[in-house]
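Labels below follow one simple rule: chain letters A, B, ... track the order of the sequence lines, proteins then strands, and each chain is numbered from 1. All values below come from the heavy atoms of this structure, side chains included, with hydrogens, waters and symmetry mates left out.
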Protein chains: 2
Amino acid sequence: MSTPDQKLTSTSYAILGMVQMLGTCTTYELGKAMQGSFDYFWPRARSLIYAEVKRLGVLGLLEARKDSVGKRPRTTYSSTPAGKEALAAWLTTPPRTFTLEFEGLLRVYLAPFGTRDDLLQALQTVAGQADTMLHVGAAFKRSYLEGTSPFMDQIHVRALLNDFLVNYADLVRQWSERSIASVRGWEDLTPEGKLEAALGTFTNLPIQDSPSG
Amino acid sequence: MSTPDQKLTSTSYAILGMVQMLGTCTTYELGKAMQGSFDYFWPRARSLIYAEVKRLGVLGLLEARKDSVGKRPRTTYSSTPAGKEALAAWLTTPPRTFTLEFEGLLRVYLAPFGTRDDLLQALQTVAGQADTMLHVGAAFKRSYLEGTSPFMDQIHVRALLNDFLVNYADLVRQWSERSIASVRGWEDLTPEGKLEAALGTFTNLPIQDSPSG
DNA sequence: ATTCTCATGTAAGTCGTTACATGATTTG
DNA sequence: CAAATCATGTAACGACTTACATGAGAAT
């Protein structure tokens with residue numbers, strides 16, 4: 001009963017969950033943990049977290065304890081029964097759709113208004129970004145296989161999560177590499193002589209070009 | 001020279017590019033085109049486009065012509081030399097990093113605070129969303145293979161684009177399906193008896209758990 | 001002792017969304 | 001001709017970001 005859910009955002013629940021996971025934490029620790037865990041699928045700026053925990057405290061979904069370090073005040077948060085209830089209630093609702101924001105694809109779409117080299121550089125930047133992500137994934141993999149990760153007891157769900165994330169990074173990496181290879185084979189961005197390969201790419205997409213309607 | 005780039009966002013350039021692609025268009029047509037093309041990698045609300053073309057008009061990057069339909073006024077836009085220059089200049093800069101916002105993964109991470117069935121439902125929702133995306137991809141594929149797409153002359157770059165998008169949707173679909181299969185095999189969300197499979201998942205990730213360095 | 005990094009926030013601003021209002025056009 | 005849908009915006013609001021300010025602790 002009650003579930004007093006005012007206007008909470010998904011970020012609110014992300015915070016509620018992370019605090020519950022950590023038990024008790026300062027906002028800084030919370031921020032670090034969120035950055036380390038959520039950055040690739042729910043990225044948020046630090047300052048937002050400071051604002052949000054405050055709000056969740058007022059709503060009674062987090063317990064805020066003031067202490068201080070030196071003569072500087074700070075706040076430490078922990079979960080409340082109401083907070084746990086709210087989180088559990090949210091978890092029963094369907095997730096909003098996943099959205100991608102991929103400027104690199106915008107560059108591909110608009111490539112004909114720039115140069116071939118612009119496109120190549122954009123794709124190389126993307127490849128580098130994917131590579132970084134793969135390194136992070138590799139570190140996670142190592143920490144779980146070696147058993148050095150905190151939250152080893154969560155390994156069964158974290159496996160699902162990393163399964164997605166690593167395959168996702170790998171997809172971006174591979175896509176950017178084969179795209180670079182394609183573009184390298186071009187002299188410019190005009191359509192001339194590029195139809196055949198394009199049709200081949202479409203044909204090989206892992207999908208049925210099945211009945212409309 | 002000049003490149004008077006005030007504070008333009010990536011969305012500004014997306015608009016600049018789409019208008020240049022269309023030649024001349026009403027804001028409504030522009031919005032439709034953007035929705036149809038960018039929705040999966042650069043989603044933006046209609047109303048933002050109305051606001052943005054107006055601004056781009058003031059900046060001289062788009063030409064705005066007022067006409068009317070019945071006694072209702074409307075504005076039609078087309079590209080200007082300055083606009084084309086600005087777009088070309090932007091295309092030389094490196095793209096910002098791709099970001100994902102995937103509430104489904106948040107649900108996976110926080111799953112232990114809810115029930116097994118919550119998690120299953122969330123994953124099924126995701127599978128459905130990926131499926132929808134695959135249908136859109138299939139339609140694109142068909143239109144290009146049949147040669148019925150407008151902008152057939154862009155097929156070489158669109159092939160790169162759809163290569164990513166379809167494989168991405170396919171990844172989400174397949175991931176959600178194998179995750180559902182995993183969770184179906186569980187009786188609850190406790191760690192008991194789930195270690196082996198999790199370790200296997202990590203081991204099989206397409207990545208080296210290579211030297212830290 | 002100074003400097004650099006860690007830690008704890010606040011303030012201002014913006015990009016973008018949801019909701020609304022209303023005219024025009026098609027459809028039943 | 002009434003209802004639904006297409007078309008053309010505006011207004012209000014909010015979630016999130018960037019930039020700033022500053023204390024504490026570590027390093028040199």
Pair B:F98 + A:F102: ring centers closer than 6.0 Å: yes
>> Tell me whether the side-chain N or O atoms of A:R72 pair up with the base of C:dT8 as donor and acceptor below 3.5 Å, since no angle test is needed here.
In response: yes
Quiz prompt | Distance-only donor-acceptor test, B:T9 side-chain atoms vs C:dT14 base atoms, 3.5 Å | solution = no
Q.
Need one value for A:R44: base, sugar-phosphate or nothing, where a base atom within 4.0 Å counts as base even if backbone is also close, heavy atoms only.
A. sugar-phosphate
Rounded to whole Å, please give me the gap between [atom1] in [X] and [atom2] in [N].
X     : N      : atom1 : atom2 : value
A:R55 : C:dT10 : CZ    : P     : 15 Å
B:Q35 : D:dC6  : CD    : P     : 12 Å
A:K54 : D:dC16 : NZ    : P     : 17 Å
A:L48 : C:dT8  : CG    : P     : 17 Å
B:L8  : C:dG16 : CG    : P     : 12 Å
A:Y50 : C:dT10 : OH    : P     : 9 Å
B:W42 : C:dC15 : CH2   : P     : 12 Å
A:L56 : D:dA15 : CG    : P     : 12 Å

Can you figure out which of C:dT8, D:dT17, C:dA19 approaches the side chain of A:R74 most closely?
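Per side-chain heavy atoms of A:R74, the pick is C:dT8.
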Which residue lies toward the 5' end of DNA chain D, A:V69 or B:Y77, if each is placed at its nearest nucleotide?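 Nearer the 5' end of the strand: B:Y77.
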Judged by nearest nucleotide, the residue sitting upstream toward the 5' end of DNA chain D, B:Y28 or A:S12, is B:Y28
Whether B:T26 contacts D:dT8 is assessed here as follows: a side-chain N or O lying under 4.0 Å from the phosphate OP1 or OP2. Is that the case? yes
### Message
With a cut-off of less than 4.0 Å, is there a side-chain N or O of B:T11 near OP1 or OP2 of C:dG16?
### Response
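Answer is yes, contact under 4.0 Å.
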Margin query: Tell me whether B:T80 contacts the main-chain N or O of B:G60 through its side chain, where contact means a donor paired with an acceptor under 3.5 Å.
Written below: yes
(message) Working note: B:D117 + B:Q121, criterion side chain to side chain donor-acceptor pair (under 3.5 Å); need CA distance, chi angles, decisive distance, verdict.
(response) CA-CA 6 Å; B:D117 285 359; B:Q121 284 221 319; over 6 Å; no
Fill in: Distance-only side-chain donor-acceptor flag, B:S10 / B:R96, under 3.5 Å
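Yes, side-chain donor-acceptor contact under 3.5 Å.
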Report task. Answer yes or no for B:R46 and B:Y28: cation-pi contact, defined as NZ/CZ to six-membered ring centre under 6.0 Å and angle to ring axis within 45°. Result -> yes
